[in-house]
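All remarks here apply to the structure that follows.
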Number of protein chains: 2
Amino acid sequence: MELNQVSYFINLAETLNFTAAARLSGVSQPSLTRAIRRLEDELGGPLIYRDGKNSRLTGLGHDVEAEFRRMVVAMKSVRNHSEHWAMGGHRVLDVAVAPTVGPKEFTAFFESALAEMPSIEIKLHSLQSNEDTSEVLSGKYHACIMPRETRPERKLDVHPLFRERFVLGCSANHPLAANEIVRGEDLLEFPFVDRLKCEFRDRILDHFARRDLLMRPRFR
Amino acid sequence: MELNQVSYFINLAETLNFTAAARLSGVSQPSLTRAIRRLEDELGGPLIYRDGKNSRLTGLGHDVEAEFRRMVVAMKSVRNHSEHWAMGGHRVLDVAVAPTVGPKEFTAFFESALAEMPSIEIKLHSLQSNEDTSEVLSGKYHACIMPRETRPERKLDVHPLFRERFVLGCSANHPLAANEIVRGEDLLEFPFVDRLKCEFRDRILDHFARRDLLMRPRFR
DNA sequence: ATTGATTACGGTAGTCGTAATCATA
DNA sequence: TATGATTACGACTACCGTAATCAAT
């Protein structure tokens, strides 16, 4: 079964005349005759009663026509779609933002990007906790915004977007409340909780390890 | 755009792997690669990002996949249909019966026919007044049952099914009431109405003409 | 070294158009 | 004779498979 056979048959079903159908299809009459015959051979039965000016579709021909029309519709839809696409039509950019970051930090950037490229639509997703940059490689998202830099990957473009300060929240009469700057070393004097699920745990462990500081968590 | 390209692409969209898609499609890997490339050339843009184990469909690829699946569904439907048809599946026979005749005369025949050919369904239609045997030639009906024989047509099978008697209805003391048989000549003695729209008018005119009898209608 | 995709190339199948043939009105 | 469909035949396109090449892990 070939698509030219399909469109030939549609034209034949509309004209019930091989000559006219061939003209509609832009091929010679023998070519259309052969195409229809091949179709009939493949489907195992005649599609049209050949009877000069009284030609008419067989029952099978009627049934087949309906399905073929669906195929032609789908095919035209593909052509339309790809044409619009090629013309720089609508494109959707799926961007995932980690929940810790929150998209509101970037609304200004998104707005200017949308203004600059009117043919682009940006769809924001919330990056799930079990997802990471591999979701970009697999194609689920086109880009993602994360709270920490990832290990460099050749296949990924990684750009630094922002820096975040770590801030200590404590009571006003806490010994550290007076410090303008609180270093990691200062923190080690006090008991702390090791939150295994903290997004920044790896980075903080790494930070202290590089400074040869020993962390002694009091709770876990 | 060819149907093999369509099914190749469906397989590729499911596997995201040219080698696996080629195996599924039953062709060599280079052949599938070329088919996809031709498709992309025709549609004017890439359908899949080629990236080893991280290959993924483009936006256009996603859109095209949906439409292509519709085409494949329609194609499979055609195959199923024609297969059932070839297996002696369901066939509908459209039979038109002239309203003068009425289908009830043939219910016994239709019932026996249905019993004999279980794969056949008979659909009865009422033959409209402006329709005749040409509706069979044009394919609207497969057969029609008419109250009079038509002129012989090479393209039509004509079979006599029944004979109808013409009966005189009159009052008991009418001069003709005593006759066992009423001949046309007997009728000519009496005034009668020439019903131009009578279905049998032509046949009756012909009948008298062949006997050199002059009809003198008193009303029209 | 292995997996995955593309390019090169010779062979072949299938489709096309022209022209001839057949059938019918 | 004119219209419509099929068959015959030579030509060409385009697809396929094998094999080689390129790229990345």
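Naming: A, B, ... by sequence-line order, numbering from 1 per chain.
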Rounded to whole Å, OH of A:Y49 lies from P of C:dT24 at a distance of 18 Å

Taken to the nearest whole Å, CZ/B:R23 to C1'/C:dG4 is 12 Å

Result for 5'-nearest mapping on DNA chain D, choosing between A:R50 and B:E2, is A:R50

Contacts satisfying ring pair (Phe, Tyr, Trp, His ring centres under 6.0 Å) that involve residues 7-36 of chain B (not counting sequence neighbours) are B:F9-B:F68

Counted 5' to 3', the first and last nucleotides of DNA chain D within 4.0 Å (strictly under) of a heavy-atom of chain A are D:dT3 to D:dT25

Numerically ordered, the residues 33-42 of chain B set in heavy-atom contact under 4.0 Å with DNA chain D is B:R34, B:R38

Assign the ring pair A:H81 / A:W85 to parallel, tilted or perpendicular, where the plane angle (0 to 90°) is split at 30° and 60°. parallel

### Message
Could you check whether atom CD of B:E116 has more than 12 heavy atoms from other residues, nucleotides or ligands sitting under 6.0 Å from it?
### Response
no

In terms of heavy-atom contacts, does CG of B:D41 have more than 12 from other residues, nucleotides or ligands at under 6.0 Å? yes

Salt bridge check: are A:E131 and A:K140 linked by an N-O gap of less than 4.0 Å?
-> yes

Residue pair A:G26/B:K53 against DNA chain C: nearer the 5' end by closest nucleotide is B:K53

Paired with B:L57, the side-chain contact (heavy atoms from CB on, under 4.5 Å) test is passed by just one of B:L16, B:L47, B:D63, B:V64, namely B:L16

Exactly one of A:L127, A:V97, A:V95 clears side-chain contact (heavy atoms from CB on, under 4.5 Å) with A:Y141, and that residue is A:L127

Numerically ordered, the residues 4-21 of chain A set in heavy-atom contact under 4.0 Å with DNA chain C is A:N4, A:Y8

With sequence neighbours left out, the residues meeting salt bridge (Lys or Arg N to Asp or Glu O under 4.0 Å) with B:R50 are B:E40

For B:K76, the salt bridge (Lys or Arg N to Asp or Glu O under 4.0 Å) test, sequence neighbours excluded, returns none

**Report entry** Candidate pair A:R79 and B:E42, rule side chain to side chain contact (heavy atoms under 4.5 Å, CB included), full reasoning
**Finding:** CA-CA 9 Å; A:R79 290 200 194 288; B:E42 181 174 349; 2.8 Å; yes

